[in-house]
Amino acid sequence: DRVTVEVDKLTTKAVSVSLVLDGDVTLRGTADDRTVLKAVYVRNVGESDLNWRSPLVLRNGATAEHLAITGGNAQGLWGARGGGVSIYSGTLAHCFVTNNYYKGSGNSKGQGVYISPAQSADSVTVTHCVIADNIVDVGGGNPVPGAGIYIEGSGKVLVDNCEQKY
């Protein structure tokens with residue numbers, strides 16, 4: 001049976017670790033902009049860059065819907081991916097992914113939404129979402145791909161009825 005968690009009031013949840021939805025589970029807010037998942041990340045001195053994690057991770061068919069995901073800040077972390085959401089297999093629907101930020105030396109991808117279905121049988125769907133004001137800044141005016149959405153991997157990906165703004 002599918003497990004569904006519904007949030008029924010105005011909620012802001014600050015997270016300093018990833019919220020990982022894995023398998024047959026749905027996290028559902030009540031309205032697109034009223035249930036907020038806000039990232040809070042503090043890197044300890046000596047911690048490697050690989051310790052950055054997305055505020056929200058979807059794996060093995062999990063679903064997140066009617067959420068606002070904001071505040072991911074992977075500043076200075078080389079190779080950071082998924083400042084807002086990382087999706088390996090699952091569905092992101094009716095969400096706002098905004099104001100996730102990276103500033104550093106490069107190789108950062110998908111500061112709004114990072115999509116990477118690793119297996120050919122994996123599928124990712126992003127539908128009816130707004131992905132806006134996500135920034136990758138590597139200095140020198142050099143553009144870096146995927147400030148909003150970055151897709152890599154070998155599975156199936158559908159991005160449908162979404163709006164991306166810069």
Reported CG-to-CD distance for the pair Asp133 and Gln164, which is rounded to 0.5 angstrom: 10.5 Å
Spacing of Leu58 atom CG and Leu19 atom CG [to the nearest 0.5 Å]: 8.5 Å
From OG1 (Thr91) to CG (Leu21), nearest 0.5 Å: 11.5 Å
Set of residues satisfying side chain to side chain donor-acceptor pair (under 3.5 Å) with respect to Asp22, sequence neighbours excluded: Arg59, Asn60
Closest non-hydrogen atom pair, Ala64 against Cys95: O-SG, 3.9 Å
Exercise: do Asn100 and Asn134 side chains pair donor with acceptor under 3.5 Å: yes
Taking every non-hydrogen atom, the tightest pair across Gly83 and Pro55: O-CD, 3.1 Å
Gly61 backbone acceptor or donor facing Ser89 side chain under 3.5 Å: yes
Validation row: Val97, Leu56 side chains within 4.5 angstrom (heavy atoms): no
From Ile131 atom CD1 to Leu92 atom CG, the distance as rounded to the nearest 0.5 Å: 7.0 Å
Passing candidate, side-chain contact (heavy atoms from CB on, under 4.5 Å) with Ile69, options Val113, Val85, Thr98, Asn99: Val85
Could you pull out all donor-acceptor pairs under 3.5 Å where a side-chain atom in residues 117-124 meets a protein atom, sequence neighbours excluded?
from   : atom 1 : to     : atom 2 : distance (Å)
Asp122 : OD2    : Gln119 : N      : 3.1

His94 and His128 aromatic ring geometry - parallel, tilted or perpendicular at 30°/60° bounds: parallel
With Asp160 via side-chain contact (heavy atoms from CB on, under 4.5 Å) - residues at least two apart: Thr127, Leu158
Residues that Ser86 engages under side chain to side chain donor-acceptor pair (under 3.5 Å), provided they are two or more places apart: Ser54
